[in-house]
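Inspection log for the structure reproduced underneath, given as structure tokens.
By convention here, the first residue in the shown sequence is residue 1. What you are looking at is a predicted structure, and each value in this text was computed from that prediction instead of being measured.
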Amino acid sequence: MVNILFSLLFLTVNLLAIVVLSRGKCGLSTCTTRYLVAMAMTDLLVIITDVILWRISNYYFPESFLNITPVCSFIALFRYVATDCSVWFTITFSFDRFVAICCQKLKTKYCTKKTAAVVLATTCILLCLKNVPFYFTFEPGEIIDNVPWFCYLKSSYYTEPGWMGLDWLDTVLTPLLPFVLILLFNALTVRHILVASRVRKGLRGQSKEECRSDPEMESRRKSVILLFTISGSFILLWLMYVIYFSISNITGTYLEDYTHPFYIFGQVGYMLQILSCCTNTFIYVATQSKFREQVMDVVKYPITSIIRLINK
């Protein structure tokens with residue numbers, strides 16, 4: 001029951017983020033808004049596919065049609081796609097902010113809503129194609145009245161070179177490579193900001209006693225806060241899962257003992273990974289004043305509409 005309540009909360013949070021950001025009144029560029037809306041939509045899909053259709057349905061409704069082998073194979077496929085898109089849309093957003101801050105010549109051509117749409121669509125298509133083979137990794141656990149039920153990984157998945165190669169490719173693409181790319185983009189962004197800040201202070205003749213406002217640096221500061229909180233949250237919440245997954249693959253340790261500390265460590269890592277799909281909205285609320293204002297407007301809208309109807 002607690003799982004269902006939390007799932008509804010996470011669904012509501014992501015839907016609220018999509019509605020608020022789609023209105024385009026948060027003081028963000030259209031390019032940035034598209035990336036943030038795409039991230040919120042894929043996070044919503046992760047909650048639907050991974051938590052509701054996969055985890056909760058198996059636990060509370062083990063004999064529903066969702067457990068027919070072709071159906072649960074499709075759900076598993078969409079789980080992989082949604083998770084990959086959630087991760088890689090964070091990468092595309094980080095790269096967009098890197099270009100906007102560090103590459104002024106490229107900024108005018110790359111940081112546009114059209115480019116954002118092309119990048120997001122291309123990323124999504126490539127990840128869908130990459131995950132199609134996962135549909136064929138499952139086999140039925142039982143055959144009842146000629147209907148295949150449940151999804152079990154084929155034993156050949158752990159032995160055949162092709163499946164093992166696909167598994168390692170999946171591991172590298174999500175989330176090992178994203179970890180490296182996010183850390184790289186953030187490091188380059190910080191380096192550029194520090195250098196640019198020193199140069200601007202020198203040009204403006206600022207000293208320790210003289211602190212005049214700089215709109216350009218203030219704008220960059222807000223952009224960097226948003227970038228670092230989103231990417232930092234991603235790294236922290238995925239870290240335990242990455243450690244568990246890396247140790248499991250390197251040592252070949254796959255435990256089913258629910259009381260073993262390493263198994264518990266992995267489950268906590270998985271829980272935090274899912275939680276990463278629900279934190280961005282709270283980050284927007286904490287770092288963006290205009291987003292907070294728009295949230296309040298959206299929340300108040302049903303109440304004000306009812307009052308207007310009553311008054312009429």
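Under the 3.5 Å distance criterion, the side-chain polar atoms of Asn14 are matched with a main-chain donor or acceptor of Cys277. The closest donor-acceptor contact from the side chain of Thr112 to the backbone of Thr115 lies under 3.5 Å. At distances below 3.5 Å, not a single donor-acceptor pair connects side-chain atoms of Thr174 with backbone N or O atoms of Thr171. Put simply, the side chain of Thr122 never gets that close to the backbone of Val119: no donor and acceptor are under 3.5 Å apart. When atom types are taken as modelled, the side chain of Thr32 and the backbone of Leu28 share no donor-acceptor pair closer than 3.5 angstrom. No donor-acceptor distance shorter than 3.5 angstrom exists from the side chain of Ser231 to the backbone of Ile182, with no hydrogens or angles considered. No donor-acceptor pair closer than 3.5 Å links the side chain of Lys107 to the backbone N or O of Asp96. In this structure, the side chain of Asn67 engages the main chain of Phe61 through a donor-acceptor pair within 3.5 Å. A donor-acceptor pair is defined here as one N or O able to donate and one able to accept, closer than 3.5 Å; such a pair exists between the side chain of Ser22 and the backbone of Ile18. Remark: side-chain polar atoms of Thr229 are paired, donor with acceptor, to backbone N or O of Leu226 under 3.5 angstrom.
Residue Met39 holds its CE atom at 16.0 Å from CZ of Arg34, rounded to the nearest 0.5 Å. Note: Trp149 CH2 to Ile68 CD1 = 4.5 Å, rounded to the nearest 0.5 Å. A distance of 5.5 Å separates CG in Leu44 from CG in Leu11, rounded to the nearest 0.5 Å. Put simply, CH2 on Trp88 and CG on Leu120 are 13.5 Å apart, with the number rounded to the nearest 0.5 Å. Expressed to the nearest 0.5 Å, how far CG of Leu173 lies from CD1 of Ile91 amounts to 11.0 Å. Atom CG of Leu239 and atom CD of Gln273 lie 12.5 Å apart (nearest 0.5 Å).
Contact of the Phe89 side chain with the Leu127 side chain is not registered, since no non-hydrogen atoms from C-beta on lie closer than 4.5 Å. With a 4.5 Å cut-off on side-chain heavy atoms, Thr279 and Phe234 do not count as touching. Side-chain contact check for Tyr284 versus Val20: every heavy-atom pair is 4.5 Å or farther apart. With a 4.5 Å cut-off on side-chain heavy atoms, Cys102 and Thr189 count as touching. By the 4.5 Å heavy-atom criterion applied to side chains, Phe74 and Tyr135 are counted as neighbours. Proximity of Leu36 to Asn280: side-chain heavy atoms (C-beta onward) are nowhere separated by under 4.5 Å. The shortest distance between side-chain heavy atoms of Trp238 and Leu272 does not fall below 4.5 Å. By the 4.5 Å heavy-atom criterion applied to side chains, Ile274 and Val46 are counted as neighbours.
No chain of hydrophobic side-chain contacts below 4.5 Å, direct or via other Ile, Leu, Val, Met, Phe, Trp or Tyr residues, connects Phe136 to Met164. Hydrophobic cluster membership differs between Tyr244 and Leu236, with clusters built from Ile, Leu, Val, Met, Phe, Trp and Tyr side chains linked at under 4.5 angstrom. Residues Val87 and Ile243 share a hydrophobic cluster, clusters being chains of Ile/Leu/Val/Met/Phe/Trp/Tyr side chains in contact below 4.5 Å. Note on Leu126: it does not cluster hydrophobically with Phe134, by side-chain heavy-atom contacts below 4.5 Å among ILVMFWY residues. Transitive grouping of hydrophobic side chains (ILVMFWY, heavy atoms separated by less than 4.5 Å) brings Val298 and Leu21 into a common cluster.
Side-chain N/O atoms of Tyr157 and Asp167 include a donor and acceptor closer than 3.5 Å. In the model, Asp50 has a side-chain atom that pairs as donor or acceptor with a side-chain atom of Tyr270 under 3.5 Å. Donor-acceptor pairing under 3.5 Å is lacking for the side chains of Ser86 and Thr83. Side chains of Trp54 and Thr49: a donor-acceptor N/O pair is absent below 3.5 angstrom, by distance only.
Heavy-atom contacts from other residues, nucleotides or ligands closer than 6.0 Å to CG of Asn311 number more than 12. By the neighbour-count criterion of 12 heavy atoms within 6.0 Å, atom NZ of Lys290 is sparsely surrounded, having that number or fewer from other residues, nucleotides or ligands. Counting non-hydrogen atoms of neighbouring residues, nucleotides and ligands closer than 6.0 angstrom, the CZ atom of Arg23 exceeds 12 such neighbours.
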Chi angles and distances behind the side-chain contact (heavy atoms from CB on, under 4.5 Å) call for Val81, Cys85
CA-CA 6 Å; Val81 172; Cys85 286; 4.1 Å; yes
Take Val37 and Met41 through the test side-chain contact (heavy atoms from CB on, under 4.5 Å) and record every step on the way to the result.
CA-CA 6 Å; Val37 170; Met41 291 178 67; 3.9 Å; yes
Does Ile247 form a side-chain contact (heavy atoms from CB on, under 4.5 Å) with Phe265? I'd like the steps, not just the answer. CA-CA 11 Å; Ile247 294 175; Phe265 180 86; 5.8 Å; no
Carefully, step by step, assess Phe150 and Thr69 under the rule side-chain contact (heavy atoms from CB on, under 4.5 Å). CA-CA 5 Å; Phe150 309 113; Thr69 303; 5.5 Å; no
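Salt bridge present: Lys130 and Asp170 bring a charged side-chain N and a carboxylate O closer than 4.0 Å.
Ring centroids of Phe138 and Tyr152 are separated by 6.0 Å or more, keeping the two rings apart. Between Phe185 and Phe95, the distance from one ring center to the other falls under 6.0 angstrom.
For the cysteine pair Cys111 and Cys31, the distance separating the two SG atoms is not below 2.5 Å.
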